[in-house]
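Each chain gets a letter, A, B and so on, in the order its sequence line appears, and its residues count up from 1.
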Amino acid sequence: MINRPARWLDRRLGIAGFARRGLDHIFPDHWSFMLGEIAMASFAVLVMTGVYLAMFFNSSSAEVTYHGPYKALDGVKMSAAYFSTLNLSFSVPAGLLIRQIHHWAALVFIGAVLAHLFRVFFTAAYRSPREINWVIGVTLLVLAMAAGFVGYSLPDDLLSGTGLRIAYSIVLSIPIVGPRLAFVIFGGPVPSAVMIPRMYGLHVFVLPGLIVLLLGVHLAIVWRQTHTNYPGPGRSNRRIVGSRLWPTYSMKILGLFCLVFAALAALGGLVQANPIWIYGPYDPAAALPGAQPDWYLGWAEGALRLFPAFNLRIGHYLVPEVFFPGILFPLLLFGGLYLYPFVEPWFTHDRDEHHILSLPYEQPKRTALASAGIMMLLVLLLAGSGDVLAVLMHGSVIAIRTLFQIVFFAAPVLTAAVAYWLCWRVQRRRGREHARAAAAGPVPSDGGEGN
Amino acid sequence: MADEKPLADQEERRQNLGMVLTMLAFAVSIAGAVGFLYVYWTNHDNGLMGASAAVALAGMGVGLVVWTHFLMRHEEAAAERPVLPSSPELREAFVQDFVAGQDQIGRRQVLGWATTGTLVVLGAGGLSLLRSLFGASPETVLKAPVWRRGDRLVTPEGRPVSVETLEPGSTITVFPEGRVGFVPGQTVLIRVQADLLRLPPERRQWAPQGNVAFSRLCTHAGCPVALYEATRHLLLCPCHQSTFNVLTGAQPTSGPAARALPQLPLYVDAHNHLRAAGDFTEPPGPGFWSLPS
């Protein structure tokens, strides 16, 4: 069956040699390698559902009056963008399903990218020769979060308008270039008549285009460099162990794609995501108490809430409060992430090529640092819903904020200490096991990084 | 030798089991897909469509995984990794060829300068397109006057507000007359007991009979400061929970906002209506680099 098309193609492209080597390409079997694949599968679902949604969405801010099956908003004036999202949700068969799958896929996509990043960090897969792919991966995370936020802004409902206002205020706060930059992005003070078309252009062309491009490069580099392996028999800097692309890995990845898609379909059908008809159309004079961004921006929301009332006057000029938590903090965070693989060798003096992963307990300092980082983000995420927590716990907003300000510094330090101690304990236990095994007699090599 | 036959039997049984399970999973998938078709063509119930699509896809996914697990040989494959760095000779050869090409391009330095010059001018032309992305200059828009002296305060429905419209302890949103809905113009009017006010001396005349007015845009991130707690005379922003004390001229009392809400000076006209005695004390909304101090 494959014979004829293969001959046809090969006569024109001469790729049988390359394609044959491709069939034998090895993919490691460990479950933690699936995190990146889950991200890829959700991205594929995002593209498919996104194209479908684009056929129905109207990015115009023109004012229209709603008449349709959703009676609560009958006769209400709204933007054409909000109108088309309502129509999509109530009048297009399966429109709501596809919209909700798209939203859920975005939430899962970013979660999977983040989990993948942590896996790579905890196992030190970013070490030489994989620094380039680390940088591309961090960029993909930034692009994914940006695409998510911009997509969330499109329906022009009350939540999305509020989010855009805050984003505009943050860009506006940048010294010297802030106002100009904010006007370039949003077309003037939010709400502006052109902001929805701007966000639409970013959401359907610029950001997904960049993601596709960088994802392609990311995969090409993985292919060229081959995957890492966890330490184990037969694995070394020279040899990789796992499943062949054809047939085992292909079957597995197809199965995984179907399962991820199934989970997203179930979520999209059964669990409500972003019910914009409840929020109502954007009204710049209205605000929604208890409003929060999607989870992946919760850390930024938390930072905005926790940072104290501090701004900086430099002569006649002002650096507003939101600059510090909204611009400086993310710059430090992502700057640190970007530079980490290049900075770590200053301390470890290890610039060698590595293809065997380091287990988290082997490098207690790295593990402690990453655990502290995760804890810090979790604290900020919770602080981002401080007002909701205050209501739930019948506490005062001010007390909860003060508590979070203390926890923001205390919890990461504590987490780092505990993580360090745990690593040390595992190391000690492993050391004793090794000593006992060595005393008992020669053992087969456990691989390690020996050549 | 004696073990071989049972082993082959075991393998046979395993393969049969795998086939049955795979077929079963695919049958579930078909059932899910049929269910999806039925719901899609009849009542479009969102939950049923999602659930049936999920069953269809999950059946397919489980089928593929079971197939791989039971019907395909388990073997750990291994391969040599490629040696990434090229040989020094190859690298050297590349550099030589590249430099040779470079020499051909750049024998005359003046051409290099000409190229740079051309690119700079071309780049300036391209970059200037960014100017079209924002209409008026940010400087003018952000500092544009909002209220003019004599503007009447009107409700969102357009009705003028008298000095007695509000009871002490209550609040409404007002706009400059003729510009209802104008975002920077949204103003919160509050009436408090006049003797409680502790405004700075130069603002004493701005609150006739305890009517005080402030910009309704939070100075932190621009959300509407929509909540008023009358007992403590606090305006509260729902976005990041900054609070502003109305009695002291909307100075921030807690939360992340550092600047007071700009105040609108008021006076009462001959018809007892409230009018603006000037503009806000500062441009309303979030701060920016050249915000006048």
For this session: Select one option (side chain, backbone, both, neither) describing which atoms of A:Arg224 are under 4.5 Å from chain B's heavy atoms.
Result: both
Exercise. Is the shortest heavy-atom distance from the side chain of B:Arg81 to the side chain of A:Asn229 under 4.5 Å?
Worked result: yes
Exercise. Under 3.5 Å, is there a donor-acceptor pair between the side chain of A:Arg239 and the main chain of B:Ala78?
Worked result: no
For this session: Can you tell which part of A:Arg180 gets under 4.5 Å to a heavy atom of chain B, answering side chain, backbone, both or neither?
Result: both
Seminar exercise, completed: Under 4.5 Å to a heavy atom of chain B? For A:Val397 that would be side chain
Problem set entry | Non-hydrogen side-chain atoms of B:Pro286 and A:Val322 separated by less than 4.5 Å | no
Problem set entry | Side chain / backbone / both / neither for A:Tyr317 at chain B, heavy atoms under 4.5 Å | both
Problem set entry | Contact origin within A:Pro308 toward chain B - heavy atom pairs under 4.5 Å | backbone
Problem set entry | Region of A:Phe323 that comes under 4.5 Å of a non-hydrogen atom in chain B | neither
For this session: Counting only heavy atoms closer than 4.5 Å, note whether B:Pro85 contacts chain A via side chain, backbone, both or neither.
Result: side chain
Problem set entry | Side-chain donor or acceptor of B:Arg259 paired with backbone N/O of A:Pro320 under 3.5 Å | no
Exercise. Any side-chain heavy atom of A:Leu97 within less than 4.5 Å of one from B:Tyr40?
Worked result: no
Problem set entry | Proximity breakdown for A:Phe310 and chain B, heavy-atom pairs closer than 4.5 Å | backbone
For this session: Using non-hydrogen atoms and a 4.5 Å limit, figure out which bit of A:Pro325 sits close to chain B: side chain, backbone, both or neither.
Result: neither
For this session: Would you mind checking which part of A:Ala286 comes under 4.5 Å of any heavy atom in chain B, side chain (CB onward), backbone (N, CA, C, O), both or neither?
Result: backbone
For this session: Measure A:Ile26 against the heavy atoms of chain B and call it side chain, backbone, both or neither at under 4.5 Å.
Result: side chain
Exercise. Is the backbone N or O of A:Pro284 less than 3.5 Å from a side-chain atom of B:Gln186, with the two atoms forming a donor-acceptor pair by type?
Worked result: yes
Problem set entry | Beyond-backbone contact of A:Arg401 with B:His240, side-chain heavy atoms, under 4.5 angstrom | no
Exercise. Is chain B contacted by the side chain of A:Ile398, its backbone, both, or neither, given a heavy-atom distance below 4.5 Å?
Worked result: side chain
Problem set entry | Minimum side-chain heavy-atom gap B:Leu217-A:Arg165 below 4.5 Å | yes
Exercise. Where on A:Gln292 is there a heavy atom nearer than 4.5 Å to chain B: the side chain, the backbone, both, or neither?
Worked result: neither
